[in-house]
Asks: 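The structure is given below, and queries will be raised subsequently.
Note that this is a predicted model, so its numbers are computed, not measured.
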Amino acid sequence: MEYNYNRILEDIRQLVNKSVFIWLGIMAGMSFLISILCVVDVLPTEVLWSLFGIIPSVIIMLLVVAYYHKKAGALAKKQQIAMMAFHAKKAIDNLQQEFPDTFLSDCQIRMRYLAKNGIDVDNALKRLGGNVDAYNQLVLSFLGESDKLEDALFDLMQPDTLFQYGSKAHALRVKANELGITNLTDTAFFHEIEAYAGSLEIVRSNWKKLSFELDEAYGVFFEYINSLGLSRPMTFQRWGEQLQEAFNALETYDTMKAKRILSDLMKYQIDADITKTLQSIITNIDEIMAN
């Protein structure tokens, strides 16, 4: 893609240049006429000193013109970037229509690892309407609490906080059920009921089982997320959303943000044409900003 400076702005710059040259020509002509009149004694020679007052005006005018040219150049670059964002978005939108939402991460295959390790991922996905991305977000949320949840449960396993323990066990049961961790769902439910019943000794005697199943679940999900090669799994839908964010940044002339997002998106080699288009956008941004 080739982009040229906005012709309207270029014409305005030329008009300003012509106006300045006309003004300088008039001033020079007046100065020459005054000088001739002084030479032929029509005007006193003292009038010549007034001509020196023109010099600061000329300098100021040239500085103003230089400043305007700089601002016009910046506006032209912004116009180029906005035009580039518009055309690039149209090209990318056409390419995006050819790919399904799960194209990038295709977690359906990697999820077999979860199924082999006792996670009822099929029913979990069914409850989410088959939304792989939503399931992965639940996994990340679950892992994000891995260093807090177990400690919180252990600390609440006291006579005066047993009700809160039951509430925390209930929250764990709900999360485990959402993720399809069948054994942990059952164990957490057992702890919830016994805690609400005030059976502290029973809760304590079954703590190791709950702790083991919790740690085991963390380990399985950590390996699953690791297998995706990303700390935050990327679907084509999210890729498209981030691309839109890059285009929004271009339209507001935030080229640094746009380049950063586009560079990150290029890591996902989803299609040769898309990768080529993204690289072209980055190259054009560099060229525009270098002018």
Side-chain angles (χ1 to χ4, degrees), residues 101-238 267-268:
D101 180 38
T102 56
F103 180 85
L104 281 181
S105 52
D106 195 14
C107 296
Q108 298 283 4
I109 297 174
R110 295 180 177 88
M111 281 179 174
R112 292 307 92 200
Y113 170 81
L114 298 178
K116 290 178 182 177
N117 284 273
I119 307 297
D120 189 5
V121 67
D122 294 325
N123 279 324
L125 277 176
K126 193 177 296 183
R127 287 191 290 271
L128 291 170
N131 192 328
V132 173
D133 192 42
Y135 183 84
N136 285 331
Q137 293 307 306
L138 290 175
V139 172
L140 289 171
S141 175
F142 182 67
L143 290 176
E145 298 178 352
S146 62
D147 59 341
K148 300 176 183 178
L149 182 57
E150 191 169 350
D151 290 340
L153 280 166
F154 185 81
D155 292 339
L156 291 172
M157 198 166 44
Q158 303 295 332
D160 56 340
T161 56
L162 199 55
F163 186 84
Q164 289 94 317
Y165 179 93
S167 178
K168 183 70 74 172
H170 170 76
L172 173 60
R173 174 173 68 86
V174 171
K175 285 197 171 185
N177 184 59
E178 287 177 332
L179 291 167
I181 319 173
T182 307
N183 61 340
L184 183 59
T185 300
D186 294 339
T187 302
F189 181 64
F190 174 82
H191 276 252
E192 176 187 353
I193 296 301
E194 295 299 331
Y196 286 149
S199 306
L200 178 60
E201 292 306 317
I202 294 177
V203 169
R204 283 178 172 171
S205 63
N206 285 275
W207 168 254
K208 286 186 177 179
K209 183 174 187 295
L210 178 65
S211 177
F212 173 78
E213 291 179 358
L214 193 53
D215 290 341
E216 187 177 46
Y218 286 144
V220 170
F221 282 118
F222 180 79
E223 289 299 323
Y224 163 68
I225 289 296
N226 235 25
S227 74
L228 300 178
L230 300 167
S231 58
R232 190 167 186 260
M234 177 72 78
T235 64
F236 200 87
Q237 180 179 354
R238 178 172 290 123
K267 297 175 184 177
Y268 306 94

Asks: To the closest 0.5 Å, what do you measure between CD1 (Ile202) and CZ (Phe190)?
Replies: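 Atom-to-atom, Ile202:CD1 and Phe190:CZ are 6.0 Å apart.
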
Asks: Closest approach of Leu184 and Ala217, non-hydrogen atoms and distance?
Replies: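 Answer, listing the atom of Leu184 first, then Ala217: CD2-CB, 4.4 Å.
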
Asks: Got a donor-acceptor contact below 3.5 angstrom from the His191 side chain to the Tyr165 backbone?
Replies: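 Flag not set: sc His191 to bb Tyr165 has no pair under 3.5 Å.
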
Asks: Looking at Thr187 and Asn183, would you say the former's side chain and the latter's main chain have a donor-acceptor pair under 3.5 Å?
Replies: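 Yes; at least one donor-acceptor contact below 3.5 Å.
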
Asks: Distance check, rounded to the nearest 0.5 Å: Asn206 atom CG versus Glu194 atom CD?
Replies: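 With rounding to 0.5 Å, CG (Asn206) is 8.0 Å from CD (Glu194).
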
Asks: Mark yes or no for whether Thr185, through its side chain, and Ile181, through its backbone, hold a donor-acceptor pair below 3.5 Å.
Replies: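 Yes, because the side chain of Thr185 sits within donor-acceptor range (under 3.5 Å) of the backbone of Ile181.
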
Asks: Can you confirm whether Val132 sits close enough to Met111 that some side-chain heavy atom of one is under 4.5 Å from a side-chain heavy atom of the other?
Replies: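 Side chain of Val132 against side chain of Met111, heavy atoms only: contact under 4.5 Å found.
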
Asks: Exactly one of Lys168, Glu192, Glu178 should register a side-chain contact (heavy atoms from CB on, under 4.5 Å) with Arg173. Which one does?
Replies: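 Answer after filtering Lys168, Glu192, Glu178: Glu192.
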
Asks: Within this structure, what is the CG-CG distance for the pair Leu214 and Leu153, rounded to the nearest 0.5 Å?
Replies: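 Result: 7.5 Å between the selected atoms.
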
Asks: Rounded to the nearest 0.5 Å, what's the gap from CG on Leu125 to CG on Asp120? Could you check?
Replies: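 Interatomic distance, Leu125 CG to Asp120 CG, rounded to 0.5 Å: 9.5 Å.
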
Asks: Which residue, Asn136, Ile119, Leu138, forms the side-chain contact (heavy atoms from CB on, under 4.5 Å) with Phe221?
Replies: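 Single pass found, and it is Ile119.
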
Asks: For a quick test of reading the model, state the closest non-hydrogen atom pair linking Met157 to Arg204 and the distance between them.
Replies: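 Smallest interatomic distance, heavy atoms only, reads O-NH2, 3.5 Å.
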
Asks: Supply the atom-to-atom distance Leu200 CG to Ser205 OG, rounded to the nearest 0.5 angstrom.
Replies: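 OG of Ser205 is found 9.5 Å from CG of Leu200.
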
Asks: Mark yes or no for whether Tyr135, through its side chain, and Leu179, through its backbone, hold a donor-acceptor pair below 3.5 Å.
Replies: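 Confirmed, Tyr135 side chain pairs with Leu179 backbone.
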
Asks: Would a 4.5 Å heavy-atom cut-off, applied to side chains only, mark Tyr224 and Val121 as touching?
Replies: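 Tyr224 does not reach Val121 side chain to side chain.
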
Asks: Could you point out which residue of Lys209, Lys208, Glu216 forms a side-chain contact (heavy atoms from CB on, under 4.5 Å) with Phe212?
Replies: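 Checked Lys209, Lys208, Glu216 against Phe212; only one passes side-chain contact (heavy atoms from CB on, under 4.5 Å): Glu216.
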
Asks: I need the Arg112 CZ to Leu114 CG distance, nearest 0.5 Å.
Replies: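 It comes to 8.0 Å.
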
Asks: Checking side-chain contact (heavy atoms from CB on, under 4.5 Å) for the pair Asn117/Glu223: CA distance, chi angles, key distance, verdict?
Replies: CA-CA 11 Å; Asn117 284 273; Glu223 289 299 323; over 6 Å; no

Asks: Closest approach of Leu128 and Ala134, non-hydrogen atoms and distance?
Replies: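 Heavy atoms only, the tightest pair is CD1-C, 4.3 Å.
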
Asks: Looking at every heavy atom in both Ser199 and Leu162, which two are closest together, and how far apart are they?
Replies: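 Heavy-atom minimum between the residues: N-CD2, 4.0 Å.
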
Asks: Looking only at non-hydrogen atoms, find the nearest pair between Gly180 and Ala124 and report the distance.
Replies: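 So the two residues come closest at N-CB, 4.0 Å.
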
Asks: Given side chains that start at C-beta, do those of Leu172 and Phe142 come closer than 4.5 Å, heavy atoms only?
Replies: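 Touching, per the 4.5 Å side-chain cut-off.
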
